[in-house]
Amino acid sequence: MRSGFQARSRLAVVALASAALSVALLGVPGTASAESRAMARAESRASDALPHFSRARLQADPDALEPLLQSRFPGIFGDVEVTGRSAHVVVLLTRLESGPMEEIRGLAPRGTISFARTHLSGLKLANLQARVTRDDSALARRGIRLVSWFPGIKGDGLEHIGVLHLTSSKENVLDRMFGRHNVVLQDVTTSAIPRPATAVRGVLGIGRASVNAQGGRDSDSSPWSGGDNIMSPDGPGNGCTSGVGITYLGAPYMITASHCFDSSWPVYNGFDGLQPEGPFMGTTGAQDTSNGGADTELISMPVTNRIWTGAIGSPTSSPVLGFGDNPLGATVYNEGAYSGEEPSTVKSDFPIAVESDAPGCITLKVPLFGRNRTECHLVYAVSDTPGGIANQEGDSGGPIVQVGSDGVTVTGIDSASTFGPDTVPCHVNDSACSDNIFYTAMTYVMWNEYPGACIVNTTSCGSNPTPPPPPPGSISIGWGGTPAPSGDWMDITFNNFPVGSVSWYCVEEGTSYGPYTTTLKSSTENLTTNTCYDTEPGGSDYVVSDGVSSNTIATDAPAPPPPPPPGSISIGWGGTPAPSGDWMDITFNNFPVGSVSWYCVEEGTSYGPYTTTLTSSTETLTTNTCYDTESGGSDYVVADGVGSNTIGTDEGEALTLRRGLGHAEVRDSRRVTLEAAVHRLRERIEPGWSRPGAGSASSAHG
């Protein structure tokens, strides 16, 4: 296990054929900075008409800098951090170069902007986050369960990944897939795995605690408000909270969490498990159940632009002013129907964490779907007080808000919590409470999940969505036709990579060489020289760059010769007389030239070994091999573990025994058979004894 970014040096550098080649691969010191300065001057000339951000404008909307800097400096821009009560902005760059820094400083009053280093640019970090999300299911099939992963956009610029029971072998796999210098891995225990904040039937002991003369969370009426108790008799154990009313595609809907109810379920106002259910509210419709999607669904019902706020026993109806984002350190309130109003602070703590409005993800088991599901676009917050409540089972789907003097701004929809070591006492019932909360960022819900939707009866709409993240980068490779120090150079195609400097490692049969660097002039570019080459046979050559792995290709060397065909033995009775019947013809096929030994097997009894010298790989022996002394059909030969075919009794011997042409012939035949039996017995008693007159020392018997 490791926490934090640690430099690890385990990559060897390949020895190249010449100093000139080394320079071509590794880059000449100073060249990159010269190119960057030239690029900065060109950008500076093209940016004469860039807008100027006053101090007041930055305080009101510090995030307005982000799209401008993202488009101007995609290769080095990470993000912006706001400090000093929004009076100062820190711009995160992968390289602190004077040209871009001077230009960025000129966008605002002196002293308003400063700079800090980050590891990966925002584009590369978004690509890496998308790749981890895409590979989550495949890793789970390999026994590597990712609990959470989020990009450290406003910080170190690394991908932070929580792994269930992290081991060194799992660490090696993740390092190879995503780039060991790009990720921070943290061990996560089973008790720390988040789960949906959905009430379980039978554990509540609350009754109708929120009723007052003006109504409340479990005694509301149409049109319905956010923060209500909602349940469905179609799914016992699914008590949740209504989120916020919207208009979408011309119709009114209530947003809640997608893990609360299945599609087309009826929804009622009241606590789960209590009878009667309460008045009918509406029916569930659109629902995001996709892997890597957001935890939201829509309930078709009449809605207001108000939310129940305040303590569980004394709710207040507050107007909704609109929706907003979740800066780190901000105080947000969970307006759950089970916990009541509870404050928390937006955090980036690890391992169970996601950050601000970054597309953080967690994997949890959703009881409604009966399987693990990856949920993304999440924010993480922790209770303001030690042992305080941030979330309670049954709060799922409820609104997360920032409180103002005139009303509330919705910043998210409640999704999940960890209910292991973080479980804390509840106020008024015995369901589980936690001091942390995961919730879906409202900006994503309004801009991407339901684009064009508006908070009901307001002008706060998702009509201007943020641009979608760029397509993930990929690398494809193959052996080219340009000669290299060994074989040919590899063709490497970078697809959807940021323009500018790119580095990669050549991985040959598990060993990494590099990094090697060049400058991409377009987002998709093919390199054909000074890339990678092959020095040994094997089929596991590939390329890794910025956490993206290419396809794997076979060796560039000539294919090794095919293995020799396996040896075989074929036998049959020949025509050369033996002490009994005829000698066996034995053909050795594809055997090594030289000494060979074999056994004669007659009706289950082995005799031998007998030896000769083969002068060719396929050779037939016709004398001093094996012969037959008794009737039966199971004679065969074994040599070096290879068995021959099985043949029947030697026909010549069988004829002699059957003829009956005279007493003398029968007597002679019996004598030969008796002699053979005596010889067999002597061979067993005196190993190595050869029958007189049987031929050379290599003679055999069957």
Side-chain angles (χ1 to χ4, degrees), residues 147-148 150 162 164 186 188-206 209 217 227 229 237-241 243 256-260 271-272 295 311-312 326 330-355 360-368 372-373 375 377-401 411-441:
V147 176
S148 67
F150 70 98
L164 181 64
Q186 180 72 32
V188 180
T189 61
T190 302
S191 62
I193 297 176
R195 72 171 189 253
T198 304
V200 179
R201 180 184 291 272
V203 303
L204 297 175
I206 185 170
R217 293 180 171 95
N229 286 95
N238 288 87
C240 286
T241 301
T256 191
S258 67
H259 70 259
C260 288
F271 284 105
D272 181 64
D295 187 18
I312 188 66
N326 300 271
T331 298
V332 295
Y333 293 84
N334 174 18
E335 302 291 355
Y338 285 66
S339 66
E341 184 174 276
E342 296 293 348
S344 296
T345 301
V346 177
K347 297 284 189 180
S348 61
D349 297 320
F350 191 76
I352 304 299
V354 289
E355 181 179 327
C361 302
I362 58 175
T363 297
L364 66 163
K365 186 170 185 178
V366 180
L368 180 63
N372 291 340
R373 182 195 174 207
E375 295 178 353
H377 317 292
L378 295 169
V379 185
Y380 178 70
V382 175
S383 175
D384 284 345
T385 58
I389 298 172
N391 200 14
Q392 182 168 337
E393 288 187 334
D395 288 348
S396 281
I400 309 300
V401 305
T411 65
I413 300 296
D414 191 352
S415 180
S417 284
T418 58
F419 287 99
D422 297 314
T423 299
V424 296
C426 299
H427 290 319
V428 293
N429 61 55
D430 55 359
S431 68
C433 290
S434 176
D435 70 352
N436 62 72
I437 183 173
F438 296 87
Y439 59 93
T440 308

Does any non-hydrogen side-chain atom of Pro196 lie less than 4.5 Å from one of Glu375? no
Calculate, to the nearest 0.5 Å, the distance between atoms CG and SG belonging to Asp414 and Cys260 respectively. 8.5 Å
Does a side-chain heavy-atom distance below 4.5 Å link Asp435 with Pro386? no
Does the side chain of Tyr439 reach to within under 4.5 Å of the side chain of Val346, using non-hydrogen atoms? yes
Between Gly336 and Asp395 the two heavy atoms that sit nearest each other are CA-OD1, 3.3 Å
Ignoring hydrogens, what is the shortest heavy-atom contact between Ile437 and Ser344? Give both atom names and the distance. CG2-OG, 4.5 Å
Let me see the working for Leu378 and Ile362 under side-chain contact (heavy atoms from CB on, under 4.5 Å), right down to the final yes or no. CA-CA 8 Å; Leu378 295 169; Ile362 58 175; 3.4 Å; yes
So, does Ser434 use its side chain to make a donor-acceptor pair with the main chain of Ala390 at under 3.5 Å? no
Check: Thr241 and Thr256 side chains under 4.5 Å, non-hydrogen atoms: no
Which pair of heavy atoms, one from Tyr338 and one from Asn229, lies closest together, and at what distance? CE1-ND2, 3.3 Å
Heavy-atom pair of closest approach, residues Arg195 and Ala432: NH2-CB, 4.1 Å
Roughly how far apart are Ser148 OG and Tyr380 OH, rounded to 0.5 Å? 9.5 Å
Of the non-hydrogen atoms in Ser415 and Asp295, which two are nearest, and what is the gap between them? OG-OD2, 2.7 Å
Looking at Asn391, is its backbone amide N or carbonyl O close enough to the side chain of Ser339 to form a donor-acceptor pair, meaning the two atoms are under 3.5 Å apart? no
Do you know the tightest heavy-atom contact between Arg217 and Glu335? NH2-OE1, 3.9 Å
If you round to the nearest 0.5 Å, how far is CD1 of Ile193 from OG1 of Thr418? 10.5 Å
Keeping the roles fixed (side chain from Ser417, backbone from Asn436), state whether a donor-acceptor pair exists under 3.5 Å. yes
Taking it one step at a time, do Val382 and Thr345 satisfy side-chain contact (heavy atoms from CB on, under 4.5 Å)? CA-CA 5 Å; Val382 175; Thr345 301; 5.9 Å; no
Keeping Ser396 on the side-chain end and Cys240 on the backbone end, is there a donor-acceptor pair under 3.5 Å? no
